[in-house]
> 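Have a look at this one before I ask anything.
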Amino acid sequence: MAVMFLFSSALIWLVIGIVLGLISSIKLHGPGFLSQLSWLTYGRVYPASQNAVVYGFSAQALLGIALWLIARLGRVSLQGPGMIVVGGVFWNFAIAMGLVGILTGNSTGYEWLEMPRSASSLLFFSYALIGVWALITFHMRRERQLYVSQWYLLAALLWFPWSYSTAQLLLVVSPVQGVMQAIVNGWFVHNLFEVWFSFLGLAGVFYFIPKIIGQPLHSRYLALFAFWMLAFFGSWGGVYADAPVPKWVSSLSIATRVMMLIPMLAIGLNIQSTLSAHCAILKTNMVLRFVWVGAISYLLATLLGIVGALRSVSEVTLFTLYTNAITNLQLYGFLGMVVAGGIYYIVPRLTECDWPSTGLIRFHFSTATLGVALLVLPQLIGGVLQGIKLNDPQVPFLSVVKSTIPFLGMSTLGELLLLVGNLALLVNLLKILPACCTCCLGRVSNSTPQPKAVAVGGRI
Amino acid sequence: MNHGPLIFLGIFLALAASWYGTVVAPLLQFGHQQQVTVGAGSTRYPAARSGQAQRGKDVYRANGCFYCHTSQVRQSGVKFDVVLVSAGTNKAGLISAALLIKPGITADEARKLIEQTPKPLLQGVTRPEADAAAKTLAIPDVKFEIILVPVGGDVERGWGSRVSVAQDYLYEQPLMLGNQRIGPDLTTIGARQRSAASHLLHLYNPQMTVKGSTMPPYRFLFEKRKAGPRPSPDALQLPAEYAVEKGFEIVPTEKAQALVAYLLSLDTQLALFEAPMPTAPKQPELGASTNQTSAAAFTNTAAANQPAPK
């Protein structure tokens, strides 16, 4: 039931994040929009929306899925659900503090680490609460044989505290000098997306796809090979080609980034081979569709990231919307879809109630997929065009900016669709919650198999 | 089989390796840079910022200016100029050398070319061409300079004279390089626009200074107040079509003033060992020793570690 708490609050942050994102997106083509208020200026709303989506939604919902998977795959009940809910409450409190900090102008100035120090310390503390109980659950597992997803999950559980605390120490607590900050920041962001989120998301992909089609994963060894490749090469590539640092640092980043082709192909091949004979299920099963779109987005985002890191391509795409396109594909295409699939799969099993409306699920899928496409494709194309024009000094800067506006307009539309789609998920979840409570209470009166979980469930 | 400890150890090694390679090793190499002395004088670079400009940097951070503006100049390569500094006494030899390095010209044109010094003989050539010219010009008594000129979209847009390097950011805390160019690069904005009044007008309403700009107005950094019998010295001089109603005036707050002080402080790019660029006034005596060597010895700054031009 702790999982339900994480899911619900994650979705609320997603909606908040997308609304803020929508505001910032509108500001890009209508600079006068809401410009009177200092806390709604673009440079504050934009990071606030990103932080809400990354830490409020993605991280929280993925942790929820991770907890459920660890318990499920280990055939044990979740340990310390009460402490996890407390951790979750603190986590949400930290994010609220962080967003208020950013909106009132107390951002740290480091990308993806904008939350002020008080908020980030609390975030770390609450992560520790959740993570420790997740590890204890993992340790207590009754099924000793580890499934692939558990490898990914265990790695992810340990990866985040290491990289997050290191980045905080070297940037906020006792800052390093000059460009070293950019390197540490880049390293952290890269680890966050390419390793931590990838591990969590892929754990879901490798669980849900075989489970739904009722067939084992094509190759366990291929998945484990991809795991080690991701772990060893995924974490290096945070420095872009033209960064103002000695060339060997960025070259190392580019080289390891190109190596990411190997895990990418291994993962793609594995999913493709697992699914190939069962494509018919894609038409009927909504969860599979969500996860499948998520997996494709992951592969695409990785590929675009590799291509964009190459020196010759980076010359054009650096400092353009291309970068945003990849981030959005990772956040809304990969994580958003896998999480949605996960929620649609897990919640009925937790609450023993069916989703009130399958129509809303279908509606969510169509709008979210279309939304991601509309958000990412224009930024991708617009970004490349913007980069080409930026590099041509004959084109005045103002006309470079103006040429991106139609693309930005389409992205705003995509963001709006995403909002509508995810509201559908939220509505569905809010409808199932009361039902879930009565379910649980019903069970309490009959028998009391899991008193702890029920107590927590009641609090929700 | 229980793989828990194995996974733990493996990912610890993986993370530690990337941590060592991308964070510790650079930290050891250039994590403790010092101010350097540049030029012939005793200019220390980079200079620390004044208190007001430093407070302005806080305003820059708080309002997230770096989500739209980068602070980093890129360059795609370098070109070379060969400049004659002093023609010396062997005029005939120099003319034939000039004819060799500029095959298209006539003897008359060559004579005119060397009449006045300093005079650029070749402009925008590659390094092998500059090296060849240096060999040809190796005539006793003839003095010339080979000047390295950074090229690239950013440089040609006037956003800077050379590529940004680590030394430039020594005192930046926090470092806000930015990763989007929704607005122009600001590395040298203080040199491009030296007027504080223009900066203030631009912040108050970007449309007044740049028609069609997509930058949001920062009115909350300004105060609208009743004008006294005489306008305040700080009040913005608004153009007629943007004027506020009579009896009121727009006055920048301390934050706006500080932000502008910060923007104005972004005005220096000096030639560094690792990032050479042409220095404005050419001093002939500095080039005295260059006529024996190849293009490797530059008068503007030594550039031994400069990658070979494309």
Side-chain angles (χ1 to χ4, degrees), chain A residues 27-29 31-32 35-38 41-44 46-47 105-111 144-146 151 154-155 158-159 162-163 166 175-184 187 228 231-232 235-236 238-239 242 244-246 249 252-253 315 319-320 323 390-393 397-398 401-402, chain B residues 1-4 7-8 10-12 14-15 17-19 21-23 26-27 29-33 61-68 70 72 74 76 153 156-157 163-166 168-182 184 206 210 212-220:
Chain A
K27 278 166 176 287
L28 283 177
H29 37 90
S35 63
Q36 293 292 340
L37 297 163
S38 65
T41 191
Y42 178 82
R44 298 188 189 180
Y46 175 73
N106 290 311
S107 138
T108 60
Y110 299 109
E111 207 192 4
R144 300 309 292 178
Q145 176 76 42
L146 285 178
W151 286 59
L154 180 61
L158 299 166
W159 207 282
W162 278 339
S163 53
T166 310
V176 285
Q177 193 191 41
V179 285
M180 273 313 296
Q181 299 164 71
I183 294 178
V184 175
W187 177 83
W228 287 118
F232 274 96
S235 50
W236 293 71
V239 184
D242 274 330
V245 296
V249 185
L252 191 62
S253 268
E315 250 173 47
F319 302 147
T320 68
T323 330
L390 264 178
N391 283 352
D392 178 4
F397 184 74
L398 203 58
V401 174
K402 281 189 176 152
Chain B
M1 208 164 78
N2 184 7
H3 288 295
I7 301 175
F8 181 86
I11 61 163
F12 178 77
L15 190 72
S18 92
W19 161 246
T22 26
V23 178
L27 199 63
Q29 191 196 6
F30 53 91
H32 302 281
Q33 281 179 300
R61 171 190 55 74
N63 291 298
C65 305
F66 58 99
Y67 291 102
C68 295
T70 54
Q72 189 206 326
R74 297 190 291 164
S76 54
E156 279 152 61
R157 277 188 193 280
V163 65
S164 300
V165 291
D168 297 328
Y169 304 104
L170 205 56
Y171 295 133
E172 299 301 335
Q173 181 66 65
L175 174 65
M176 296 173 283
L177 288 178
N179 66 12
Q180 286 291 309
R181 279 182 176 167
I182 296 166
V210 183
S213 158
T214 56
M215 176 169 145
Y218 289 86
R219 305 238 165 93
F220 53 85

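By convention in this document, chain letters (A, B, ...) are assigned in the order of the sequence lines, proteins followed by strands, and residues within each chain are numbered from 1.
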> Pick whichever of B:R74, B:H32, B:M215, B:M176 has the most heavy-atom pairs under 4.5 Å with chain A.
B:R74

> In terms of heavy-atom pairs under 4.5 Å, which option from B:C65, B:A166, B:C68 contacts chain A the most?
B:A166

> Quick check on the interface: out of A:V176, A:L390, A:D392, who has the most heavy-atom pairs with chain B under 4.5 Å?
A:L390

> For B:F12, does the CZ atom have more than 12 heavy-atom neighbours from other residues, nucleotides or ligands under 6.0 Å away?
no

> Between B:F30 and A:Q177, what is the shortest heavy-atom contact and its length?
O-OE1, 4.2 Å

> Are A:R44 and B:N63 packed together at the side-chain level, in the sense that at least one heavy-atom pair is separated by less than 4.5 angstrom?
yes

> Tell me, out of B:L27, B:V163, B:V210, who's got the most heavy-atom pairs with chain A below 4.5 Å.
B:L27

> Output the distance between atom CZ (B:R219) and atom CG (A:L37), rounded to the nearest 0.5 Å.
12.5 Å

> If every non-hydrogen atom of A:I183 is compared with every non-hydrogen atom of B:P26, which pair is closest and at what distance?
CD1-CB, 4.0 Å

> Please tell me if the side chains of B:L15 and A:L158 come closer than 4.5 Å, counting only heavy atoms from C-beta onward.
no

> So which part of A:T320 gets closer than 4.5 Å to some heavy atom of chain B, the side chain, the backbone, both or neither?
backbone

> Could you check whether any side-chain heavy atom of B:P216 comes within less than 4.5 Å of a side-chain heavy atom of A:K27, counting everything from C-beta outward?
no

> So for B:V23, is it side chain, backbone, both, or neither that comes closer than 4.5 Å to the heavy atoms of chain A?
both

> In terms of heavy-atom pairs under 4.5 Å with chain A, which of B:A14, B:S18, B:A62 leads?
B:S18

> For B:L170, is it the side chain, the backbone, both, or neither that has a heavy atom closer than 4.5 Å to a heavy atom of chain A?
both

> Would you mind telling me which of B:G212, B:P206, B:S164 has the largest number of heavy-atom pairs within less than 4.5 Å of chain A?
B:G212

> Between B:Y169 and A:Q181, does the side-chain contact (heavy atoms from CB on, under 4.5 Å) criterion hold? Intermediate values first, please.
CA-CA 10 Å; B:Y169 304 104; A:Q181 299 164 71; over 6 Å; no

> Of all heavy-atom pairs between A:M180 and B:G31, which one has the smallest distance, and what is that distance?
CG-CA, 4.0 Å

> Please look at A:T108 and chain B and tell me whether the side chain, the backbone, both or neither of the residue comes under 4.5 angstrom of a heavy atom of that chain.
backbone

> Report which part of B:Q29 has an atom under 4.5 Å of a heavy atom belonging to chain A: side chain, backbone, both, or neither.
side chain

> Select, from B:E172, B:Q173, B:E156, the one with the greatest count of heavy-atom pairs under 4.5 Å involving chain A.
B:Q173

> Give, for atom CD of A:E111 and atom OH of B:Y67, the distance between the pair rounded to the nearest 0.5 Å.
7.0 Å

> Applying side-chain hydrogen bond (donor to acceptor under 3.5 Å, both in side chains), name anything that partners A:N391, two or more places apart in sequence or on another chain.
none

> Heavy-atom distance under 4.5 Å to chain B: side chain of A:Y46, backbone, both or neither?
side chain

> For each of A:S163, A:P175, A:G238, A:P47, tally heavy-atom pairs with chain B at distances under 4.5 Å, and name the one with the top tally.
A:P47

> What option among A:A182, A:S253, A:P246 has the most heavy-atom pairs under 4.5 Å with chain B?
A:P246

> When heavy-atom pairs shorter than 4.5 Å are enumerated against chain B, which of A:V184, A:V401, A:V239, A:L252 gives the highest number?
A:V401

> Can you name the nearest heavy-atom pair linking B:T22 to A:W187, along with the distance?
OG1-CD1, 3.1 Å

> Looking at every heavy atom in both A:V179 and B:L175, which two are closest together, and how far apart are they?
CA-CD2, 3.6 Å

> Do you know which two heavy atoms are closest between B:F220 and A:S35, and how far apart they sit?
CD2-O, 3.9 Å

> Give, as side chain, backbone, both or neither, the part of A:D242 having an atom under 4.5 angstrom from any heavy atom of chain B.
both

